[in-house]
Amino acid sequence: MAGYERERAPGNIDTTKPNVSRVYDFMLGGKDNYEADRRMAELALEIAPDAPEAARANREFLGRVVRYLAAEAGIRQFLDIGSGLPTQGNVHEIAQSATAGARVVYVDNDPTVLVHGRALLAVDDDATTVVEADLRDPDGIIDDPEVRRLIDFDRPVGLLMFAILHHLADEENPAGIARRMVDRLAPGSYLAVSHFHNPGLAHPEVSRQAFAAEKIFNETLGTGRWRTRAEILACFDGLELLEPGLVPLPEWRPDSDDRAEPGITYHTFVGAVGRKGQATPA
């Protein structure tokens with residue numbers, strides 16, 4: 001992506017290289033993206049023309065999950081890992097509209113996200129904050145003083161990992177990282193995950209598209225893994241999987257307000273929610 005002129009951006013953000021959060025922002029129709037991001041998005045659209053619909057389906061899935069956890073499951077505190085750029089329907093807006101006093105901590109290691117997230121929360125909102133941290137250090141996240149200022153880990157937490165674990169390489173053990181974080185949470189907590197998926201022989205044409213997308217992603221934007229069903233389910237080991245289980249995003253408790261209509265990406269973006277039960281006596 002060399003050769004792009006540096007566009008004006010807040011802070012010392014490098015606009016000459018594509019950025020995952022900004023590409024996702026472009027797919028959602030946002031304005032916080034630059035030429036390098038749009039070029040990367042164009043490459044992705046050649047393989048998956050419905051990628052913007054997949055991005056919207058992920059956003060709608062997030063909304064349904066947060067509303068369920070806040071309004072029905074009694075969750076009053078949320079830890080959103082890899083939160084991405086602010087857009088319509090942010091976690092704190094959804095949670096706080098469903099239950100008064102809900103607390104939300106956004107965690108990201110992307111300087112673009114931090115700049116825009118902190119600008120969004122510059123208003124007086126003592127129940128929401130943005131923390132700079134890396135998913136690959138789960139204990140560092142949970143022990144961070146700013147995280148602990150809002151999150152009481154002796155009480156149930158909604159742990160959100162939307163479109164983040166597929167950016168970890170296999171050798172980084174994403175399922176192990178998810179389990180390490182869940183192990184630190186109180187019983188009654190929930191883990192919600194959305195993840196790129198390769199359906200294999202169940203959908204051969206879609207599987208070929210997933211392999212092609214993965215190749216482009218890893219050549220231009222960093223690490224991206226379209227994992228198997230078994231690999232994704234490993235993130236929920238020891239948890240009670242809520243109905244309907246691990247499914248394409250539009251199939252998880254659909255709502256009449258949903259508008260996303262993914263095509264070829266329908267089976268390559270899946271999600272699930274699991275609940276941590278009481279500890280088993282030794």
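Computed over heavy atoms, backbone and side chain alike; hydrogens, waters and symmetry mates excluded.
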Single-linkage hydrophobic cluster [X]~[Y], side-chain heavy atoms < 4.5 angstrom:
X: Val65; Y: Ile75; value: yes
X: Val91; Y: Ile151; value: no
X: Tyr68; Y: Val247; value: yes
X: Leu246; Y: Leu160; value: no
X: Val107; Y: Met161; value: yes

Any salt bridge between [X] and [Y], counting N to O under 4.0 Å?
X: Arg56; Y: Asp258; answer: no
X: Lys276; Y: Asp183; answer: no
X: Glu60; Y: Arg259; answer: no
X: Glu205; Y: Arg208; answer: no
X: Arg253; Y: Glu243; answer: no

Give me the atom names and distance for the closest heavy-atom approach of [X] to [Y].
X: Val273; Y: Ala192; answer: CG2-CB, 4.0 Å
X: Gly188; Y: Pro156; answer: O-CB, 3.5 Å
X: Pro174; Y: Ala169; answer: CD-O, 3.6 Å
X: Ala102; Y: Ala127; answer: O-CB, 3.6 Å
X: Ala260; Y: Ala57; answer: CB-N, 3.5 Å

I'd like to check [X] versus [Y] (side-chain heavy atoms, cut-off strictly below 4.5 Å). Are they in contact?
X: Phe217; Y: His166; answer: no
X: Asn109; Y: Arg136; answer: yes
X: Glu35; Y: Thr15; answer: no
X: Arg275; Y: Leu239; answer: no
X: His197; Y: Pro199; answer: yes
X: Leu233; Y: Leu241; answer: yes
X: Tyr190; Y: Leu242; answer: yes
X: Arg225; Y: Asp170; answer: yes

* To do: Specify whether His267 and His203 have parallel, tilted or perpendicular ring planes, treating 30° as the upper limit for parallel and 60° as the lower limit for perpendicular.
  => parallel
Under the 3.5 angstrom rule, does the side chain of [X] hit a backbone N or O of [Y] as a donor-acceptor pair?
X: Gln77; Y: Asp152; result: yes
X: Tyr106; Y: His92; result: yes
X: Ser194; Y: Ala163; result: yes
X: Asp137; Y: Gly140; result: yes
X: Ser189; Y: Leu185; result: no
X: Asn90; Y: Glu93; result: no
X: Asn198; Y: Ala210; result: no

Report, one line per pair, each donor and acceptor closer than 3.5 Å where one atom sits in a side chain of residues 40-51; sequence neighbours left out.
unit_1 : atom_1 : unit_2 : atom_2 : d
Asp50  : OD2    : Gly263 : N      : 2.4
Asp50  : OD2    : Ile264 : N      : 3.2
Asp50  : OD2    : Thr265 : N      : 3.1
Asp50  : OD2    : Thr265 : OG1    : 2.7

* Matching residue for Phe269 among Phe196, Phe61, Phe162 - test: ring-ring contact (aromatic ring centres under 6.0 Å, His included) -> Phe196
* Asked: How far apart are the C-alpha atoms of Arg148 and Asp143, what are their side-chain angles, what is the distance that settles it, and do they pass the side chain to side chain contact (heavy atoms under 4.5 Å, CB included) test?
  -> CA-CA 7 Å; Arg148 287 190 167 269; Asp143 293 330; 3.6 Å; yes
Will you find, in the side chains of [X] and [Y], an N or O donor that is under 3.5 Å from an N or O acceptor?
X: Arg227; Y: His195; answer: yes
X: Glu251; Y: Tyr266; answer: yes
X: Arg103; Y: Thr128; answer: no

Would you give the length of the straight line joining atom [atom1] of [X] to atom [atom2] of [Y], rounded to the nearest 0.5 angstrom?
X: Leu165; Y: Glu231; atom1: CG; atom2: CD; result: 12.0 Å
X: Arg38; Y: Phe26; atom1: CZ; atom2: CZ; result: 7.0 Å
X: Met181; Y: Ile81; atom1: CE; atom2: CD1; result: 4.0 Å
X: Phe236; Y: Leu191; atom1: CZ; atom2: CG; result: 4.5 Å
X: Glu146; Y: Ile141; atom1: CD; atom2: CD1; result: 14.0 Å
X: Leu249; Y: Asn58; atom1: CG; atom2: CG; result: 5.5 Å

* For Glu172, does the CD atom sit with more than 12 other heavy atoms under 6.0 Å from it, leaving out its own atoms? -> yes
* **Check against side chain to side chain contact (heavy atoms under 4.5 Å, CB included), Arg64 and Trp252** => CA-CA 8 Å; Arg64 296 195 303 274; Trp252 199 91; 4.2 Å; yes
* Could you go step by step and tell me if Leu79 and Val147 meet the side chain to side chain contact (heavy atoms under 4.5 Å, CB included) rule? -> CA-CA 8 Å; Leu79 187 56; Val147 173; 4.1 Å; yes
* To do: Using the side chain to side chain contact (heavy atoms under 4.5 Å, CB included) rule, take Asp80 and Leu159 through it: C-alpha gap first, then chi angles, then the decisive distance, then the call.
  => CA-CA 6 Å; Asp80 186 2; Leu159 176 59; over 6 Å; no
* Asked: Does Arg22 make a cation-pi contact with Tyr34 (under 6.0 Å, within 45 degrees of the axis)?
  -> no
* Non-neighbouring partners of Ile94 that pass side-chain contact (heavy atoms from CB on, under 4.5 Å), sequence neighbours left out -> Leu62, Val66, Arg67
